[in-house]
Amino acid sequence: MTALKPVRRNVPARVLAERLGVSPRTIARYIAEPRDEYEARAIERRRKVVEMREQGMTMRSIAAELGVSVGLVGTYAKQAEREAAAQENASA
């Protein structure tokens with residue numbers, strides 16, 4: 001099921017739902033970013049985090065530049081390390 005008006009929200013569904021007196025699910029039904037667009041943005045953000053980390057930037061500076069949490073930067077960096085180690089083990 002797709003939203004009636006698919007757009008990216010700047011405000012969480014929970015906040016909009018409280019303002020309008022409806023459930024967050026109702027907001028999602030009417031306004032939701034298409035999944036493929038969301039996933040494309042997430043993949044690009046992860047790529048940028050890994051690239052910036054390889055350049056030697058700190059997690060805090062990456063988070064500030066991309067407008068995400070330090071925890072998310074750490075998660076992406078750790079995932080990239082695990083994938084690199086798995087590739088090393090597979091080729092060895």
Side-chain angles (χ1 to χ4, degrees):
M1 179 171 107
T2 61
L4 297 176
K5 184 179 177 188
V7 294
R8 182 169 181 229
R9 292 186 310 268
N10 293 325
V11 179
R14 178 186 48 79
V15 173
L16 288 175
E18 287 173 6
R19 287 183 193 166
L20 298 173
V22 296
S23 73
R25 183 68 190 131
T26 299
I27 298 297
R29 272 192 226 114
Y30 283 96
I31 305 171
E33 179 179 21
R35 185 71 181 178
D36 56 338
E37 290 178 23
Y38 168 79
E39 288 174 348
R41 275 188 319 100
I43 289 168
E44 180 61 20
R45 184 175 55 224
R46 183 177 186 272
R47 186 195 62 74
K48 285 180 184 176
V49 166
V50 171
E51 181 181 300
M52 295 167 123
R53 197 69 181 131
E54 288 172 351
Q55 294 172 0
M57 292 179 69
T58 65
M59 287 193 222
R60 286 184 187 201
S61 62
I62 294 170
E65 189 167 319
L66 296 179
V68 298
S69 70
V70 176
L72 181 66
V73 172
T75 297
Y76 283 164
K78 186 61 85 175
Q79 286 174 349
E81 288 173 14
R82 287 184 189 137
E83 289 173 7
Q87 285 180 350
E88 256 183 47
N89 291 340
S91 64

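Quick note: numbers below take in every heavy atom, side chains included, and nothing from hydrogens, waters or symmetry partners. Here the structure is a predicted model, which is why all the values come from computation and not from measurement.
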Would V50 and I43 show up in the same hydrophobic cluster when neighbours are defined by side-chain heavy atoms closer than 4.5 Å?
no
Using the side-chain hydrogen bond (donor to acceptor under 3.5 Å, both in side chains) criterion, which residues pair with E83? Sequence neighbours excluded.
R46
Return the CG to OG1 distance between L20 and T26, rounded to the nearest 0.5 Å.
10.0 Å
d(M59 CE, T75 OG1) to nearest 0.5 Å is 9.0 Å
Charged N-O contact under 4.0 Å between R14 and E18:
yes
Within a strict 4.5 Å, meaning less than it, do heavy atoms of the M52 and L66 side chains meet?
yes
Does R47 form a salt bridge (charged side-chain N to carboxylate O under 4.0 Å, His left out) with E44? I'd like the steps, not just the answer.
CA-CA 5 Å; R47 186 195 62 74; E44 180 61 20; 2.4 Å; yes
Give me the atom names and distance for the closest heavy-atom approach of P24 to A13.
O-CB, 3.9 Å
Salt-bridge criterion met for K48 and E51 (N-O under 4.0 Å):
no
Of all heavy-atom pairs between S23 and A17, which one has the smallest distance, and what is that distance?
C-CB, 3.5 Å
Just jot down the salt bridge (Lys or Arg N to Asp or Glu O under 4.0 Å) partners of E39, sequence neighbours excluded, or say none.
R35
Taking side chain as C-beta onward, heavy atoms only, is M57 less than 4.5 Å from E65?
yes
How close do V73 and I62 get, counting heavy atoms only, and between which atoms?
CG2-CG2, 3.9 Å
